[in-house]
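Structure record follows, encoded as structure tokens.
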Amino acid sequence: MVKLNLQVNISLILLFIFIDIIGLLDIWNENIYRRMIHHMQSCLYNKNKIPWILFPNINLSNNEMKIIKECSDNIKKYNSVNTVSSLIPYTGLGGHYSKKSSIYYNDLDENSKKKMDKIGNRLKKEFEKNISQKLYLGNSNFRCCILRYEGIDSVFNFHYDTEEKNCYRAIYLFHKKGNISPFCYFDKNGIKHKKYLNKGEGLFFKGTTTYHGVEENDDPDSERYIVGWQYSTDLSIKTKSFCSELRDKNILNVL
């Protein structure tokens, strides 16, 4: 019979408690293990969260889609986290995969930022009518983003967004080629819906309460480019997460 060394075990427990108290393993004022758990929980369906989503009548104009496509094509970005492996979205950590890097606000030059802000603010006026509240473009690198799904296996695993609770998002399709996967979300009864968007069409929703994603694509020649804007009802509210701080970084930066 093996006897346990209680003194060693208790010492290890006390050591872990001490490390937790002094915050040695903290990331953004939260223990790394708890932060990992909270991040992984965002990938699980929660029946207690009430989804909020609209499909507004306001669309992108042909000229706006042309501007967005030019901004997208001008960015030369490689080796992003979302291009590493098609298996990453299924590891429990969530996220999306495409062979083409996603573009975030910090990747844009000043001229492109002004153009994207102008479009986002035009749409914002209609969204404010929907919620009867004043909205502001976000002040993070998710203020505007472009996700470029290309080829087979491109996917965005189902998830809740990790951002401030008072944030809304608008997502619009501005370029497509071949057979592309639809935007999917779960309603308040837990029923999955698939929404096929035409170019220029979009949606407005709260990602923190709406379980959503894009199913795996099966067309190797497909291209599905979407643009998104983040809006807030109060910019003074700010929280940090793995997504907010690392989404636009390459592998070396993340490590």
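The structure displayed is predicted, hence computed values, not measured ones. Numbers here simply count residues along the sequence, with the first being 1.
Counting non-hydrogen atoms of neighbouring residues, nucleotides and ligands closer than 6.0 angstrom, the CG atom of N62 reaches no more than 12 such neighbours. When the shell of 6.0 Å around CG of N189 is examined, it contains more than 12 heavy atoms from other residues, nucleotides or ligands. Within 6.0 Å of the CG atom in N179, the count of heavy atoms belonging to other residues, nucleotides or ligands does not exceed 12.
Looking at heavy atoms from C-beta onward, F183 lies in side-chain contact with R224 at the 4.5 angstrom threshold. Between F174 and L60 there is a side-chain heavy-atom pair separated by less than 4.5 Å. Counting only heavy atoms from C-beta outward, the side chains of E164 and S232 never approach each other to under 4.5 Å. With a 4.5 Å cut-off on side-chain heavy atoms, R122 and I58 count as touching. Looking at heavy atoms from C-beta onward, K199 lies in side-chain contact with K176 at the 4.5 angstrom threshold. Looking at heavy atoms from C-beta onward, I146 lies out of side-chain contact with Y104 at the 4.5 angstrom threshold. With contacts defined as side-chain heavy-atom distances shorter than 4.5 Å, the pair P182/K195 does not qualify. Using a 4.5 Å heavy-atom cutoff, the side chains of S102 and H96 are in contact.
Heavy-atom minimum distance, D219 versus D221: OD1-N, 2.9 Å. When every heavy atom of S140 is checked against every heavy atom of Y105, the shortest pair comes out as O-CB, 4.3 Å. Considering all non-hydrogen atoms of both residues, I180 and Y196 come closest at O-CE2, 4.1 Å.
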| task | Go through E128 and Q133 one step at a time and tell me if the side-chain hydrogen bond (donor to acceptor under 3.5 Å, both in side chains) criterion holds. | result | CA-CA 5 Å; E128 288 174 335; Q133 280 185 280; over 6 Å; no
| request: Starting from the C-alpha separation in whole Å, work towards a yes-or-no answer on side-chain contact (heavy atoms from CB on, under 4.5 Å) for L147 and S98. | output: CA-CA 9 Å; L147 305 187; S98 174; over 6 Å; no
| Is there a side-chain contact (heavy atoms from CB on, under 4.5 Å) between L137 and W229 once you walk through the steps? | CA-CA 7 Å; L137 282 172; W229 287 271; 3.9 Å; yes
| task | Before giving the answer on side-chain hydrogen bond (donor to acceptor under 3.5 Å, both in side chains), spell out for N63 and S61 the whole-Å C-alpha distance, their side-chain angles and the decisive distance to 0.1 Å. | result | CA-CA 5 Å; N63 186 55; S61 69; 5.3 Å; no
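Between N59 atom CG and N57 atom CG the span is 7.5 Å, to the nearest 0.5 Å. Note that the NZ atom of K125 and the CG atom of N130 stand 15.0 Å from one another [nearest 0.5 Å]. Put simply, SG on C144 and CD1 on I119 are 8.0 Å apart, with the number rounded to the nearest 0.5 Å. A distance of 10.0 Å separates CG of L135 from CG of N121, quoted to the nearest 0.5 Å. Atom CE of M116 is separated from atom CG of N111 by 11.5 Å, given to the nearest 0.5 angstrom. Atom CG of residue D73 and atom CZ of residue R148 lie 7.5 Å apart, to the nearest 0.5 angstrom.
With respect to the salt-bridge test (charged N to carboxylate O, under 4.0 angstrom), the residues R143 and D117 qualify. Look at R169 and E163 and you find a salt bridge, because one of the NZ, NE, NH1 or NH2 atoms lies within 4.0 Å of a carboxylate O, short of that distance.
Applying the ring pair (Phe, Tyr, Trp, His ring centres under 6.0 Å) test to Y168 and every residue at least two apart in sequence or in another chain returns W52, F204. Residues passing the ring pair (Phe, Tyr, Trp, His ring centres under 6.0 Å) test with F186, sequence neighbours excluded: Y45, F158, Y211. For K115, the salt bridge (Lys or Arg N to Asp or Glu O under 4.0 Å) test picks out no residue, with sequence neighbours left out.
Remark: K124 is not positioned above the aromatic ring of Y231, lacking an NZ or CZ atom under 6.0 angstrom from the ring centre and at most 45 degrees off the axis. In this structure, K69 forms no cation-pi arrangement with Y225, as its terminal cationic atom is not both closer than 6.0 Å to the ring centre and no more than 45° off the ring axis.
For T208 and D161, the side-chain atoms include no donor-acceptor pair closer than 3.5 Å. Between the side chains of S181 and E216, no donor-acceptor pair is found at a separation under 3.5 Å.
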